[in-house]
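Worksheet: one structure, shown below.
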Amino acid sequence: MMKDIDCGALRKEHAGKVVTLSGWVHRRRDHGGLIFVDLRDRSGLVQVVFDPDTSKDNFVQAEKLRSEFCVQIKGEVSIRPAGLENKELATGEIEVKAKELNILSTSQVLPFALDTRTDVDENVRLRYRYLDLRRPELQQNFILRHRITKAVRDFLDQEGFLEVETPMLTKSTPEGARDYLVPSRVNPGTFYALPQSPQIFKQLLMVSGFEKYFQIAKCFRDEDLRKDRQPEFTQIDMEMSFIDTEDIYSLIERMFTHIFDKVMGIKLTTPFPRMTYAEGMRRFGSDKPDTRFGIELTDVSDLVSNCGFKVFADTVAKGGEVKGICVPGCADYTRKQLDDLTLLAQELGAKGLAYMLVKEEVKSPIAKFFTPEEIKALLERMGAKEGDLVLFVADKPTTVAAVLGRLRLDFGAELGLIPENQLNFLWVVDFPLLEWSEEEKRYVAVHHPFTSPKDKDFDKDPANAVAKAYDLVLNGVELGGGSIRIHDAELQAKLFSVLGISPEDAEDKFGFLLKAFKFGPPPHGGIAFGLDRMIWLLAGAESIRDVIAFPKTQKAVCLLTDAPSLVSEKQLRELHVASTVVKE
RNA sequence: GGAGCCGUAGUGCAGUCGGCUUAACACGCCUGCCUGUCACGCAGGAGAUCGCGGGUUCGAGCCCCGUCGGCUCCGCCA
């Protein structure tokens with residue numbers, strides 16, 4: 001090794017020792033007659049002093065040092081003179097008096113500074129990702145990621161889980177996200193798909209009798225990106241036989257207890273609270289409610305069903321609902337602010353947004369449509385007091401939830417109502433099995449088409465069928481979800497039929513799974529967690545890109561390598577693929 | 001597929017009202033000075049096709065149209 005100790009590990013106890021360090025020149029302070037260098041390696045920083053009295057040759061060499069030169073330094077650890085300690089630095093009580101300097105490699109001037117003082121354009125950061133990743137705060141994210149992944153492996157190993165790899169080149173499946181496709185050279189005209197998740201394989205492993213499976217699995221979905229979504233991402237994927245929902249809840253609660261204890265020394269309280277999907281939508285307008293603060297949705301449909309305000313009354317008459325949120329202390333909102341809120345509501349699908357500014361009197365464009373008694377009843381129901389702002393949306397339940405759920409989150413953040421250091425885990429349970437797709441004019445699976453209904457006779461009332469599906473939510477972020485699967489070929493066939501998948505299609509797409517289920521499949525179920533999202537949340541990172549070493553932009557481009565890129569005609573010919581894009 | 005915001009030295013930004021000159025400032029960089037700094041200091045210097053293309057105008061970093069890229073959001077993401 002070209003170093004015998006890490007920079008960040010040096011302490012008073014090492015005083016007098018001669019050590020060899022290797023790292024990068026983090027900063028250089030040249031006083032002419034004395035040069036200070038902050039030497040950085042993964043462990044941290046230590047101050048190195050070059051003094052011509054110690055070695056004239058070294059000193060001359062040290063004058064050449066620049067930012068990010070990679071160097072090896074041999075020197076004596078010494079206690080800093082009194083009054084010259086640096087409390088900001090873990091190694092601030094000591095410094096290293098350089099005896100030998102070996103410049104391992106030089107560096108061009110960096111395209112951007114590695115400090116945190118300035119937010120460098122992400123474009124530039126991603127193009128020079130290897131430099132970006134030198135920044136200690138980014139490295140911390142990856143150290144956290146490593147430790148969490150290790151804690152997961154240790155825990156699941158101890159619980160008797162087997163880590164099994166499943167194929168990356170697999171079969172395209174209908175339902176779900178768009179697939180990334182890989183053309184087959186050997187089989188002209190056919191394509192593999194990269195897995196959206198190892199779903200079917202892990203179920204097959206249950207048929208194989210593995211009983212407890214897990215995998216830290218790469219997954220791929222060709223959908224548009226968000227700040228918490230990348231085209232390729234990692235899941236902690238698991239599946240178990242001979243279990244039901246309670247077994248999953250308990251296992252996962254123990255797993256998170258283990259992770260938080262081992263990695264962060266935080267003791268979690270279990271069991272985690274549970275909430276049905278229906279309740280989440282009703283109270284928070286979300287299937288992943290952030291329960292750390294209030295501003296819950298309140299239904300006032302019954303109070304306005306006969307009121308003079310046609311928009312409200314008609315909505316209720318047509319089977320819609322009128323709900324509101326009470327925003328504390330915002331009665332002084334300006335016309336502009338209210339207009340912006342209305343605009344946001346409209347972008348989310350609402351026709352409008354009604355408001356009441358609760359001052360000595362209620363100021364509202366719709367006040368004139370209500371009797372004083374009705375207004376009093378509304379405010380009372382909303383729990384509004386003087387100084388509050390009350391917002392109403394009248395629409396179909398999904399729109400009301402979308403708009404008020406979003407406004408609630410925005411206000412929570414803007415008004416600082418969200419306690420930063422609170423960890424609110426929440427099981428969201430009893431998801432609907434199916435939802436009607438207007439686009440496809442058929443039912444589609446809310447979770448996936450292998451999810452077990454709670455009731456075998458779900459087909460009698462598909463719209464209201466409840467699934468044995470669950471999500472784990474932390475502070476309003478969906479960490480992961482899963483379900484108990486169907487292990488009965490007949491029940492599976494029935495679900496396919498309700499989904500409008502013909503027996504022929506089912507045979508073509510999932511025939512192998514249906515066949516496998518004819519050979520004594522065990523009852524089974526599982527869950528998968530988005531590892532990147534988990535680290536993102538726990539690291540408090542700005543974007544999910546900050547916990548992925550080489551992430552892609554919103555257009556799914558890797559700015560470092562310039563992927564995706566054109567390939568040669570020869571490659572395309574070999575793959576029996578022709579591009580339909582017309583060249584310039 | 002749609003909406004919004006952004007794009008000016010290596011980096012972060014000012015310039016927003018079309019005409020203040022040589023496009024300002026800070027950090028970084030280069031040169032010189034400096035033996036106790038730690039975001040070292042001091043003096044000087046270099047560095048900008050104002051993302052790209054077109055248009056309006058006597059005149060465009062600034063206005064208009066298009067385009068490319070980045071970010072955020074909606075749709076999408078079983």
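Convention: sequence-line order gives letters A, B, ...; per-chain numbering from 1.
- D395(A) places no side-chain N or O within 3.5 Å of a backbone atom of V400(A) that could act as its donor or acceptor partner.
- As judged by a 4.0 angstrom heavy-atom cut-off over every strand, V446(A) is placed among residues touching the sugar-phosphate backbone only.
- Taking atom CD of E440(A) as the reference point, atom C1' of G75(B) lies 14 Å away to the nearest angstrom.
- Regarding R127(A), its CZ atom lies at a distance of 10 Å from the P atom of U11(B), rounded to whole Å.
- Residue side chain F36(A) meets the stacking definition with respect to U37(B): its ring centre sits within less than 5.5 angstrom of the base's six-membered ring centre, and the planes differ by less than 30 degrees.
- In this structure, D228(A) places its CG atom 14 Å from P of C71(B), rounding to the nearest Å.
- Of the nucleotides present, none pairs with C38(B) by Watson-Crick or G-U wobble criteria with both distances under 3.5 Å.
- Checked against U37(B), U11(B), G75(B), the side chain of D224(A) finds its nearest nucleotide in G75(B).
- With hydrogens and angles left out, the side chain of E95(A) and the base of G36(B) share a donor-acceptor pair within 3.5 Å.
- Heavy-atom nearest nucleotides on RNA chain B were determined for S543(A) and for A445(A), and the one closer to the 5' end corresponds to S543(A).
- Which of G1(B), C40(B), C30(B) sits closest to the side chain of R66(A) comes down to C30(B).
- Using a 4.0 Å cut-off, some side-chain N or O of R27(A) falls inside it from OP1 or OP2 of C40(B).
- Side-chain polar atoms of S55(A) and D57(A) form no donor-acceptor pair below 3.5 angstrom.
- Note: F50(A) and F59(A) fail the aromatic proximity criterion, with ring centroids not under 6.0 Å apart.
- Here H31(A) lies parallel enough and close enough to stack on the base of C40(B), with planes under 30° and ring centres under 5.5 Å apart.
- A113(A) comes within 4.0 angstrom of no nucleic acid atom, judged by non-hydrogen atoms across all strands.
- Side-chain proximity of D30(A) to the nucleotides G36(B), G75(B), C34(B) is greatest for C34(B).
- Within the structure, a side-chain polar atom (N or O) of K555(A) is placed less than 4.0 Å from OP1 or OP2 of G69(B).
- Counting only heavy atoms from C-beta on, N86(A) has its side chain closest to C38(B) among C38(B), C73(B), G1(B).
- Rounded to whole Å, the P atom of A26(B) lies 12 Å from the corresponding atom of G44(B).
- Comparing U21(B) with C6(B), their P atoms are spaced 24 Å from each other, to the whole Å.
- Listed nucleotides U35(B), G75(B), C29(B) differ in distance to R229(A); the shortest reach to its side chain belongs to G75(B).
- Only the P atoms considered, C50(B) is 10 Å distant from C62(B), to the nearest whole Å.
- Defined by atom type and a distance below 3.5 Å, a donor-acceptor pair is present between the side-chain atoms of Q215(A) and T166(A).
- Contact annotation for L89(A): no contact, since no heavy-atom pair falls under 4.0 Å across all strands.
- Annotation: H31(A) is in aromatic contact with F36(A) [ring centroid separation under 6.0 Å].
- Comparing the P positions of A60(B) and G19(B) gives an interatomic distance of 11 Å, to the nearest angstrom.
- In textbook terms, a nucleotide whose glycosidic angle is within 90° of 0 is syn, while C34(B), being further out, is anti.
- Look at CD on Q47(A): it is 10 Å from P on C38(B), rounded to the nearest Å.
- Pairing of U49(B), defined by two Watson-Crick or G-U wobble distances under 3.5 Å, is not identified with any nucleotide.
- Distances shorter than 4.0 Å separate some side-chain N or O of R29(A) from OP1 or OP2 on C40(B).
- Ring to ring, F510(A) and F496(A) are close: their centroids are under 6.0 angstrom apart.
- Considering only side-chain N and O atoms, R125(A) lies nowhere under 4.0 angstrom from the phosphate OP1 or OP2 of C71(B).
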- Message: Show, in sequence, the C-alpha distance, side-chain angles and deciding distance for I103(A) and Q61(A), and conclude whether the side chain to side chain contact (heavy atoms under 4.5 Å, CB included) test is met.
- Response: CA-CA 9 Å; I103(A) 297 178; Q61(A) 275 274 92; 4.2 Å; yes

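- Base-pair partner of C5(B): G70(B) (Watson-Crick or G-U wobble, both distances under 3.5 Å).
- Looking at D237(A) and Y213(A), their side chains do bring a donor and an acceptor atom within 3.5 Å of each other.
- Using a 4.0 Å heavy-atom distance criterion, E88(A) is classed as making no nucleic acid contact.
- Contact annotation: R226(A) reaches the phosphate of C74(B) (side-chain N/O to OP1 or OP2, under 4.0 Å).
- Distance from the side chain of P52(A) is smallest to U35(B) among C73(B), C76(B), U35(B).
- Taking the C1' atoms as reference points, U57(B) lies 38 Å from C73(B), given to the whole Å.
- Judged by distance alone, the side chain of Y443(A) and the main-chain N or O of P462(A) form no donor-acceptor pair under 3.5 Å.
- A residue-by-residue look at L559(A) and P449(A) shows that L559(A) has its nearest nucleotide of RNA chain B further toward the 5' end.
- Across the C1' atoms, C71(B) and A48(B) are found 24 Å apart, a figure rounded to whole Å.
- The side chain of V120(A) lies closest to G12(B), out of G12(B), U37(B), U72(B).
- Taking atom C1' on both U72(B) and U16(B), the two are 23 Å apart, rounded to the nearest angstrom.
- Distances from the side chain of D121(A) to the nucleotides G70(B), G12(B), C77(B) place G12(B) closest.
- Nucleotide G75(B) has no partner under the Watson-Crick or G-U criteria, as no pair reaches both atom distances under 3.5 Å.
- Using a 4.0 Å heavy-atom cutoff across all strands shown, S197(A) reaches at least one base atom of the nucleic acid.
- If you take atom P in C42(B) and the same atom in G4(B), they sit 47 Å apart, rounded to whole Å.
- Listed nucleotides C38(B), C71(B), C29(B) differ in distance to V109(A); the shortest reach to its side chain belongs to C29(B).
- Residue Q108(A) contributes atom CD, which lies 20 Å from atom P of G47(B) at whole-angstrom precision.
- When the P atom of G36(B) is taken as reference, atom CG of D53(A) falls 12 Å away, rounded to whole Å.
- Distances from the side chain of L84(A) to the nucleotides C74(B), C38(B), G70(B) place C38(B) closest.
- U11(B) is paired with A26(B) under the criterion used here, namely a Watson-Crick or G-U wobble arrangement in which both key atom distances are under 3.5 Å.
- For the pair L344(A) CG and C5(B) C1', the interatomic distance rounds to 15 Å; values are reported in whole Å.
- Counting to the nearest Å, the P atom of G75(B) and the CD atom of E435(A) are 12 Å from each other.
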